[in-house]
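Residues take their numbers from the sequence shown, with the count starting at 1. In each ligand, atom 1 is the first atom listed, and ligand 1 is the first ligand listed.
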Amino acid sequence: MHHLPKLSYEYNALAPIIDETTMIIHHTKHHQTYVDKLNAAVTGTKYESRSVEDLLKNLWEVDENIRMAVRNHWWWHHNHTLFWQMIKPKWSELNWKVLEKINESFENFEAFKNQFTQAALNNFGSGWTRLVANSNQDVTIINTPNQDSPLTIWLKPILWIDLREHAYYLNYQNRRNEYLNNRRTIVNRDFVNELLGA
Ligand code: MN
């Protein structure tokens, strides 16, 4: 059985950057729905006991008749499970190893920031903007539509942002840029470092 992951902070801890109502709906309604759908799809099948990460990397193994139906639920669940942990109410400047990688792969942090923001603004419709690493630990920015997962193309998650309107619309409506600027200050740098090292 897959479960809705517990958050390490309260629903109101990110306000006013992400408001309490948005957090409650996003976590207990949207995410829960896809955990339920995932369980409904895999319960009683040979995939029941396998981890989401394992199945995402080996999607071709999944029986064709359920592959398309369940992959979206896996993706949804995995995208959000990491997303919640990439956020932290307060961060410190210390010990950000990913920053070294960013400085190697982009001109400097400012250039990275601008490129990430531009990618997120240009991410048409619903999707995610992501900082990912390849097997050489080089980091790059990609946009993916809907719930597509970078794990299926063997790219390592580092930091990503949900651009579905349910993630920010109550607070920001059409002002995605403002959401991006504010969102930047609640990155869980310890977790992001952990992902890079994984
Ligand atoms: Mn979402």
With sequence neighbours left out, which residue pairs that include part of residues 179-198 fulfil the ring-ring contact (aromatic ring centres under 6.0 Å, His included) condition?
Tyr168-Tyr179, Tyr172-Tyr179

Cation-pi check for Tyr34 against Lys37: NZ or CZ below 6.0 Å from the six-membered ring centre and within 45 degrees of the axis, yes or no?
yes

Transitive ILVMFWY cluster of Ile142, excluding itself - 4.5 Å side-chain cut-off
Val132, Ile153, Leu155

Does the plane of the ring in His26 sit parallel, tilted or perpendicular to the ring in His30? Use 30° and 60° as the thresholds.
perpendicular

Which residue pairs pass the salt bridge (Lys or Arg N to Asp or Glu O under 4.0 Å) test with at least one member in residues 170-180, sequence neighbours excluded?
Arg175-Glu178

Check the angle between the aromatic planes of His27 and His31 and answer parallel, tilted or perpendicular using the 30° and 60° thresholds.
perpendicular

Total protein N, O or S atoms, the Mn ion (ligand 1), separation less than 2.8 Å:
4

